[in-house]
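Whatever order the structure lists ligands and atoms in, that order sets their numbers, starting from 1. Only a predicted model underlies this, so the values are computations on that prediction, with no experimental measurement involved.
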Amino acid sequence: MKKFLLLTTGGTIASQAGENGLTPQMDAAGLLHYVQQLKDLYQIETEALLNLDSSNIQPEEWQMIARRIFVDLAYYDGFIITHGTDTMAYTASMLAYMLQNIDKPVILTGSQIPIDSHLTDARVNLYCAFAAADSGRAGVYVVFNRKIICATRAVKVRTMGFDAFESVNMPDVGEVRSDGILWHSEPSKNNGEPMLYDNLESNIFLLKLIPGTRPEIFDHIVNMKYSGVVIEAFGAGGLHHIRRDLLEKLKLLEQNQIVVVACSQCLYEHCDFSVYEVGQKLLTLTNVIPAYDMTTESCVTKLMWALGQSHDVKKVKNIFSRCYCDEIDLKYL
Ligand code: ASP
């Protein structure tokens, strides 16, 4: 019988109505009570690691989760993490970077309605999460609404619907069907021993541009000593430079050795800052890294992770020039 570790961290799946709205209250035993059949199929050990709404999950919690898994990597056949859906894509992506070359499945799941509700999606999500872990396919995945999604490609796209996650710029890795799991791709090959990279630089900023964003925002970013910035630019890659010259002001970040990752506000397809005049100038700055087809969640977490290894702009660029866990299409590297 396979042995899995179920780590609970809170989220809607474990929530119950309190005086101030839904709050996570249930522990792992409470969750397992609703999915009794799992106990006949697997040996499940549990740990209530956290009990938070995922809005409160931050880099310190990512480190805690990654370390907890890594320490017992050899001991279990896989790990299932229940987590709030709101920031699950960030956690999944970060775990994929932190847990390099792991040889076990790490599956994140949660639900849109608490597990004790009669309409809940929690039970099917948990059953599917264990089925994905049972497959033995190594790596970090989000399992939701019967879909198996690569951790660095998951994005939460719905607030209420059960199909809350999409795999962006990459097909789902697989799906749970009536005849078992149908895989849509081959697992990627490990190239070495499992490693834990748990240094993170959380001091980074995400700037989503709006028409008219004032360039002085970059003065504040420098003054606040941010180590890195992700800029969600317009379309295929554009920033305004008439009246409010963002491109000129970005030189300040270059002078201060602050790394900039440039991605698009569009959810789908890749950005290419060389296409338009409003983007090209950005590429002349030595501190800028184009994100191509990476999701914003994956850019933010990769930047924190890369800066956790080095603050040297060249080294960070070097880290970004590699694909670690399917976060970027290799054709862009
Ligand atoms: N607010 C909840 C959370 O992210 C939402 C959910 O779990 O669906 O913890």
Side-chain angles (χ1 to χ4, degrees), residues 6-35 38 46-66 68-69 79-96 98 106-130 132-133 140-149 151-168 172 176 202 206 267 295-298 300-301 304:
L6 171 65
L7 296 170
T8 59
T9 70
T12 294
I13 190 168
S15 287
Q16 283 169 332
E19 267 179 30
N20 303 310
L22 288 175
T23 48
Q25 294 180 26
M26 224 181 269
D27 62 8
L31 292 183
L32 282 180
H33 169 77
Y34 291 93
V35 279
L38 286 176
T46 61
E47 200 170 306
L49 205 52
L50 299 160
N51 214 1
L52 296 173
D53 188 291
S54 76
S55 298
N56 273 320
I57 291 199
Q58 298 169 53
E60 293 78 6
E61 282 73 31
W62 296 335
Q63 288 171 318
M64 184 184 182
I65 299 169
R68 180 64 194 88
I69 291 170
F79 301 81
I80 293 89
I81 305 165
T82 54
H83 192 289
T85 59
D86 294 343
T87 66
M88 189 189 294
Y90 286 94
T91 301
S93 195
M94 187 56 104
L95 290 178
M98 293 173 88
V106 172
I107 313 291
L108 289 103
T109 197
S111 67
Q112 292 282 65
I113 318 185
I115 200 164
D116 63 0
S117 156
H118 68 293
L119 289 178
T120 192
D121 51 335
R123 284 172 236 167
V124 67
N125 285 346
L126 266 174
Y127 281 122
C128 290
F130 274 86
V140 185
Y141 303 97
V142 168
V143 171
F144 215 90
N145 200 33
R146 300 184 189 271
K147 299 197 291 203
I148 304 171
I149 300 173
T152 52
R153 297 295 188 162
V155 175
K156 185 174 179 186
V157 294
R158 282 189 184 78
T159 57
M160 301 291 168
F162 291 127
D163 199 13
F165 288 88
E166 266 180 32
S167 181
V168 170
D172 294 342
V176 184
S202 57
L206 168 63
L267 181 58
T295 66
T296 297
E297 289 84 341
S298 199
V300 165
T301 49
M304 287 187 185

Open item on the list: Does any part of the side chain of Lys147, heavy atoms only, come nearer than 4.5 Å to the side chain of Ser167, both counted from C-beta?
Closed with: no
- [ ] Provide the number and element of each atom of ligand 1 under 4.0 Å from a heavy atom of Gly11.
- [x] 7 (O), 9 (O)
Open item on the list: For ligand 1 and Asp53, I'd like to know whether there is a polar contact (N/O to N/O, distance under 3.5 Å).
Closed with: yes
Of the protein's non-hydrogen atoms, which lies at the shortest distance from [atom], and what is that distance?
| atom | value |
| --- | --- |
| atom 8 (O) of ligand 1 | Thr85 OG1, 2.5 Å |
| atom 5 (C) of ligand 1 | Thr12 OG1, 3.0 Å |
| atom 4 (O) of ligand 1 | Ser54 OG, 2.5 Å |

Open item on the list: When you measure from the side chain of Thr87 to the backbone of Ser54, do you find a donor-acceptor pair of N or O atoms at a distance under 3.5 Å?
Closed with: yes
Task: Whether Thr82 side chain and Gly110 backbone form a donor-acceptor pair below 3.5 Å - done: no
Task: Ala154 to Ala89 - nearest heavy-atom pair and separation - done: O-CB, 3.2 Å
TODO: Indicate the atoms forming the closest heavy-atom contact of Leu119 with Ile113, along with that distance.
DONE: O-CD1, 3.7 Å
TODO: Using a 4.0 Å heavy-atom threshold (strictly under), name the region of Ser111 that reaches ligand 1: side chain, backbone, both or neither.
DONE: backbone
